[in-house]
Structures are given as C-alpha cells and as structure tokens.
Amino acid sequence: MSNLGITPQSESFSEWYNDLVVKADMADHSAVRGCMVIKPHGYAIWELMQRALDDMFKDSGHVNAYFPLFVPKSFLSREAAHVEGFAKECAVVTHYRLINDPDGVGVVVDPEAKLEEELIIRPTSETVIWNTYKKWIQSYRDLPILINQWANVVRWEMRTRLFLRTAEFLWQEGHTAHATYGEAEEEALLILDIYRRFAEEWMAVPVLTGVKSENEKFAGADHTYCIEAMVQDRRCVQAGTSHHLGQNFAKAFDVKFQSQEGKEEYVYATSWGVSTRLIGTLIMAHSDDRGLILPPRLAPIQVVFVPIGRDEETRTKTYACADRLADALRHLSWHGSRIRTKVDKRDKESPGFKFNDWELRGACLRVEIGPRDLEAGTCVVVRRDLGEKVTVPLDGFAAHAEAELASMQGALLERARGFRDAHTYRIDNWAEFQALFTGEGSGGFAVAHWDGTAETEEKIAELTKATIRCIPMTPLAPGDDEPGTCVLTGKPSARRVVFAKAY
RNA sequence: CGGGAUGUGGCUCAGCUUGGUAGAGCGCUGCGUUCGGGACGCAGAGGUCGGAGGUUCAAAUCCUCUCAUCCCGACCA
C-alpha cells in the first residue's frame with residue numbers, strides 16, 4: 001500500500017499537511033498570493049461547521065446580520081490599540097475606476113478616480129459595527145444587541161498556509177452590546193463554552209479554555225478568552241477567541257445609553273470569532289499518511305459504498321444492493337440530520353482505486369459489496385480510523401453503521417485527548433523547559449509557573465519559540481492554580497500557565 | 001519583509017553547463033479487455049518553455065528586470 005504521494009508525517013509534518021489539503025481536494029492556491037480556492041470537498045466541511053455553530057448561536061438568542069466589507073480609514077484611527085494591532089496588514093482601496101491603458105493594451109488605474117478617503121478592506125468589523133451601534137442605541141431598552149455575521153475578512157499576511165493562515169479567510173464574528181460589565185462577561189463566557197462544545201462534540205478535538213496574556217490578547221480588548229488545541233506535531237492552534245471589549249469601542253465611537261436610573265453610561269461590548277482555520281485544525285488533529293480522517297459529525301460523506309462486479313449482471317445486483325442500503329441510511333436521523341452517503345458507481349475506476357480515494361477524502365465508513373457478499377447476504381465494512389475489514393450481515397447493516405459512526409466520533413475525541421494528555425508536562429526547571437522545545441520530535445504543552453511579566457514572557461519566547469497559549473480557566477490538574485516560582489526567573493508566580501509552540 | 005530554492009502540456013519532472021526542429025512518466029479522450037487494496041492493450045489530443053526587455057543569423061538554454069509559488073526566519077486567527 002503506497003501513501004499516494006503524500007509526504008509522511010514523520011518526514012515533514014508541514015509538507016504532509018500541504019500535500020494532504022491539495023490531494024484530498026480540499027483547497028487550491030489561487031492566482032493571488034496568500035489566497036485560496038476552497039474546493040467543494042473543503043467547503044462542504046465549512047458548511048457543516050457553519051450549520052452547527054449557527055444553530056448554537058441562534059439557540060442562545062443571537063441573530064445574523066451583514067455589515068459592509070469596506071471600512072473608512074478614519075474609523076480605524078478611533079481606537080488606538082486596535083488599529084496598532086492591524087495596521088501592518090490592511091489592504092487599502094484608493095481608487096474606484098479603471099481605464100484603457102493609453103500607452104498600450106490592458107487597463108490601468110484611472111488617476112482621476114482617486115477616493116477622497118481611502119477604504120480599508122475589513123480585517124475585522126468592530127469599527128464599522130460600533131459606528132452603526134451608535135445609531136441604534138439610546139436606552140437600556142435597546143440592549144442587549146446580540147448580532148453575528150458570517151463574512152470574509154482580509155489580513156495581508158506575509159506567510160500563509162492553506163486554511164491555517166490566508167490573506168482572505170471566512171469566519172463568523174459576533175458583536176454584542178450590553179448594559180453592564182457583568183453581562184458582557186457572561187456573554188463572552190457563554191460563547192467560549194459554545195466554542196469548546198463545538199470543538200469537542202463536533203470536531204472531536206479537545207481544547208483548553210483560558211485567558212490570553214496581555215501580549216497575546218486581541219488589540220482593543222479588555223481581556224480575551226480562547227480555546228486552544230494540540231495537533232499531531234504537538235504544536236498548539238488557537239481555534240477560537242471570545243473578547244470582552246469593555247467600554248473601549250463604546251468610548252472610541254461614543255456609544256452611550258441611558259440606564260433605568262436615567263444615568264448616561266458607555267455600553268459594554270464583546271466580540272468573538274472562529275474561522276476556516278478550524279478546518280486546518282481538524283485536518284491536523286486527526287488525519288494520517290493515507291489521507292483525511294474526519295469526525296463523522298463533520299464528514300461530508302459519512303458512508304461510502306463501493307459495489308464490486310466484474311460483469312454487467314453482478315454489477316447490476318451489487319449496485320442495487322448498495323442503493324438499497326444507502327437509501328435506508330438516508331432515512332435514519334443521526335444527531336438531527338440524515339446520514340450522508342454516496343454510492344461510488346464510477347465504472348472506469350477499479351475497486352482498489354476507490355478504496356484509496358475514499359480513504360484520502362476521509363469517508364468515515366467504506367462498505368464493499370461484491371459477488372461473494374451477495375451470496376452470503378453480507379457486506380464488508382471498514383472504518384477509516386481503524387482500517388480493519390469487518391463482515392456485517394445485510395440485515396443489521398443500518399444499525400451497525402450508525403453504531404460505528406457514533407463509536408468513531410467518540411474514539412477520535414478520546415484518541416486526541418490521550419495524545420494531548422501524553423504530551424502535557426508540568427515543568428519546574430528551566431533546563432527541562434528548554435529541552436521540551438528543542439530538537440526533533442520535541443514539543444507539547446508545558447504547564448509551568450510564570451512571574452506574570454511581559455518581559456519574562458518575551459524572553460521565554462525568544463529562547464524557546466514557545467509562547468503562553470493561555471492561562472487556564474480551571475486548573476488542568478489539582479495544584480496548577482497554587483503559587484510557585486517562575487520557571488525562568490524564580491520570582492513568585494500565582495499559578496501555572498500553558499506554554500507551547502503555536503501556529 | 002530578509003535568506004534559500006523553483007517556475008517547461010492538467011500533474012511530477014528531464015532538457016539549460018557547451019544556443020540550432022520541445023521530451024518522458026502519470027493524467028486526459030476513444031475503443032476493447034478488466035474489477036475484493038491505485039488494472040492492461042491499442043489509437044489519439046494537448047506546450048507562445050511564468051512575464052517583459054536585451055545579446056544573437058538563431059534563445060527553454062546567455063544577460064537584466066519583473067511576477068508567482070514553496071521552504072526557513074521576523075509578524076499574525
């Protein structure tokens with residue numbers, strides 16, 4: 001069995017990832033640097049993610065809206081910390097018209113068509129939205145506002161990777177307005193918990209929840225909550241963030257409301273988002289050298305049938321059998337949606353080719369139906385994460401398939417959790433800390449004491465490339481939240497924090 | 001934005017040193033045989049050699065510039 005031209009993980013994790021994304025037909029590089037084409041197979045995963053998250057947002061009282069792509073430059077000057085965080089990576093629109101090149105062929109920018117005020121392509125929408133909220137909010141009766149939008153944003157990144165960091169990406173951004181600090185805090189934590197549940201229950205990716213250090217928090221936030229996942233090269237991915245913005249944007253955009261007591265106060269805000277980066281995280285968390293391994297709840301194809309027959313007559317029978325089984329599955333509801341199936345009737349491809357192809361594309365269960373099965377009244381079922389062929393009677397097939405999907409969903413989460421826990425270390429001396437982040441096959445989560453200063457954080461990053469991923473919400477192990485001494489400086493530390501190399 | 005590498009049919013690459021009619025494998029199209037872990041035969045189609053200048057009788061090949069991609073750093077969801 002070949003690896004189908006995918007660089008093995010053991011040889012180079014990053015090449016493995018690049019090969020896989022392209023060969024599994026998820027995405028392609030585009031004509032524009034740093035941008036990508038999300039192909040149907042990759043987009044199908046995004047659609048499933050969107051649907052799940054959108055339901056959770058709606059269930060918790062949020063509504064969707066849409067705000068414009070363009071941000072007047074002046075908006076970005078309003079909140080100093082915020083603009084500093086994004087200024088270096090903004091795309092700017094300066095003109096609004098092209099003309100035929102007077103000196104030759106093609107078109108050139110019309111110098112006459114210069115915009116009076118340049119427009120920034122949104123790197124995030126806080127400023128546009130808060131400029132709007134100012135018009136919407138007068139009284140405490142207008143609050144809270146709980147709006148989400150699904151959109152694209154642009155951050156002009158120097159170094160990009162498909163799904164993990166692209167110049168343009170798709171995401172959702174929630175923007176809420178509240179009367180009190182406490183209510184905004186509750187909102188930020190509510191969303192954080194939605195993100196955690198989505199990661200674990202849908203993506204089968206266990207995540208740490210925590211607070212970002214001052215260095216790592218969102219520019220413009222009072223504080224930032226995050227979910228952090230470990231992937232198979234033991235590096236850490238920030239998979240989602242939820243910000244308590246305090247009154248920063250309300251002050252920058254002068255958004256006040258009259259309280260029940262008649263007092264004028266600034267509004268409290270949150271913002272929160274997850275992006276197509278989740279797809280990259282999903283791939284890196286579970287997949288192997290043979291291709292994608294997707295958790296059933298997010299797999300575009302959950303059960304694929306490969307009917308086998310060397311002659312027309314056998315083929316007719318195996319096709320009919322596969323259609324019948326697929327149809328039965330489609331009428332079953334699993335986690336609230338129909339089971340997604342496919343009967344692979346491509347007659348130019350051999351069964352062996354199809355086996356490899358569907359492993360590459362991450363179908364969860366593959367069902368082989370050949371002449372031998374027809375005689376015996378069975379089919380052969382192979383689960384993508386286990387790879388073993390199991391002969392199953394046609395009679396109990398649907399129940400078997402459903403049980404296997406459920407079991408696979410759980411198994412992936414457990415495996416990922418086991419992997420993460422096996423690479424999470426409590427480290428109390430500097431030599432050990434450095435050793436963890438040095439050399440081949442190194443890495444993981446270092447749960448260590450830190451003296452709380454930005455200088456120490458930066459020094460550690462400089463020496464090891466590891467950064468503080470989060471200050472956990474709850475201790476990962478008993479004692480983690482007790483005082484100790486900083487792993488680098490030996491100064492007092494209030495509690496342990498999590499260090500890792502990050503994407 | 002620095003350092004390195006690479007741009008030649010859809011894909012992977014050879015040809016470039018030493019200038020002289022653009023090649024291979026895979027894929028693609030047609031027909032036939034195949035079909036339980038990437039099948040085979042025969043016949044076909046497909047390329048302004050990333051782009052622009054220059055040198056030359058002649059440029060994929062030499063020179064200059066430019067664009068893009070990948071890897072490694074600095075920056076970031």
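In what follows, chains are A, B, ... by sequence order, proteins preceding strands, each numbered from 1.
Contacts of A:Thr241 with the nucleic acid, taken as non-hydrogen atoms under 4.0 Å apart, are absent. If you check every strand for non-hydrogen atoms under 4.0 Å, A:Glu89 touches sugar and phosphate atoms only. At a threshold of 4.0 angstrom between heavy atoms, the contacts of A:Gly309 include nucleobase atoms, whether or not backbone atoms are also involved. Residue A:Val274 is classed as having no contact, given no heavy-atom separation below 4.0 Å to the nucleic acid. Within the 4.0 angstrom heavy-atom criterion, base atoms lie near A:Arg366. Counting any heavy atom pair closer than 4.0 Å across all strands shown, A:Gly280 reaches no nucleic acid atom. At the heavy-atom level, A:Thr166 lies under 4.0 Å from base atoms of the strands shown. Residue A:Gln238 is classed as a sugar-phosphate contact, given heavy-atom separations below 4.0 Å to backbone atoms only.
With hydrogens and angles ignored, no donor-acceptor pair closer than 3.5 Å exists between the side chain of A:Lys354 and the base of B:rG36.
For B:rU64, the paired nucleotide is B:rA52, the pair qualifying as Watson-Crick or G-U wobble because both relevant distances are below 3.5 Å. In this structure B:rC26 sits in a base pair with B:rG10, meeting the Watson-Crick or G-U test at under 3.5 Å. Partner assigned to B:rC70 is B:rG4, using Watson-Crick or G-U wobble distances below 3.5 angstrom. In this entry B:rU33 has B:rA39 as its Watson-Crick or G-U wobble partner, both defining distances falling under 3.5 Å. Searching all strands for a Watson-Crick or G-U wobble partner of B:rU21 with both distances below 3.5 Å returns nothing. Applying the Watson-Crick and G-U wobble criteria (two distances, each under 3.5 Å), B:rC75 pairs with nothing in any strand.
The 5' end of RNA chain B is approached more closely, in terms of each residue's nearest nucleotide, by A:Glu15 than by the other of A:Glu15 and A:Phe86.
For A:Lys345 and A:Asp323, the salt-bridge test passes: some basic side-chain N is under 4.0 Å from an acidic carboxylate O. At a threshold of 4.0 Å, the pair A:Asp344-A:Arg346 counts as salt-bridged, since one of the basic side-chain nitrogens sits closer than that to a carboxylate oxygen.
Distance check on atom C1': B:rA22 versus B:rU48 gives 13 Å, rounded to whole Å. Taking atom C1' on both nucleotides, B:rU18 is separated from B:rA59 by 14 Å, rounded to a whole Å.
Ring pair A:Phe57/A:Trp150 is tilted by interplanar angle, where 30° to 60° counts as tilted.
Comparing atom distances between the A:Ser14 side chain and each of B:rG36, B:rC72, B:rG37 picks out B:rC72 as nearest. Side chain of A:Arg155, nearest nucleotide from B:rA77, B:rG37, B:rG73: B:rA77.
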For residues 191-207 of chain A, dump all side-chain donor-acceptor pairs below 3.5 Å to protein atoms at least two apart in sequence or in another chain.
| unit_1 | atom_1 | unit_2 | atom_2 | d |
| --- | --- | --- | --- | --- |
| A:Asp193 | OD1 | A:Arg196 | NE | 3.0 |
| A:Asp193 | OD1 | A:Arg196 | NH2 | 2.9 |
| A:Tyr195 | OH | A:Gln172 | OE1 | 2.6 |
| A:Tyr195 | OH | A:Gly273 | N | 3.0 |
| A:Arg196 | NH1 | A:Glu200 | OE1 | 3.1 |

Under 3.5 Å, which donor-acceptor pairs do the side chains of residues 461-472 of chain A form with other protein atoms, sequence neighbours left out?
| unit_1 | atom_1 | unit_2 | atom_2 | d |
| --- | --- | --- | --- | --- |
| A:Thr464 | OG1 | A:Ile460 | O | 2.7 |
| A:Thr464 | OG1 | A:Ala466 | N | 3.1 |
| A:Thr467 | OG1 | A:Arg469 | NH1 | 2.7 |
| A:Arg469 | NH1 | A:Glu216 | OE1 | 3.4 |

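Contact check, A:Arg159 against B:rG73: a side-chain N or O comes under 4.0 Å of OP1 or OP2. Between A:Lys348 and the phosphate of B:rU29, there is no side-chain N or O to OP1/OP2 separation shorter than 4.0 Å. At B:rC71, one or more side-chain N or O atoms of A:Asn18 fall inside 4.0 Å of OP1 or OP2 (strictly under the cut-off).
For the pair A:Leu162 CG and B:rC70 P, the interatomic distance rounds to 7 Å; values are reported in whole Å. When rounded to the nearest whole Å, the span between CG of A:Asp311 and C1' of B:rU34 equals 11 Å. Rounded to whole angstrom, the span from the CD atom of A:Glu312 across to the P atom of B:rG32 amounts to 12 Å. Taking atom CZ of A:Arg161 as the reference point, atom C1' of B:rA77 lies 14 Å away to the nearest angstrom.
A donor atom on one side chain and an acceptor atom on the other are not found under 3.5 Å apart for A:Gln9 and A:Asp289.
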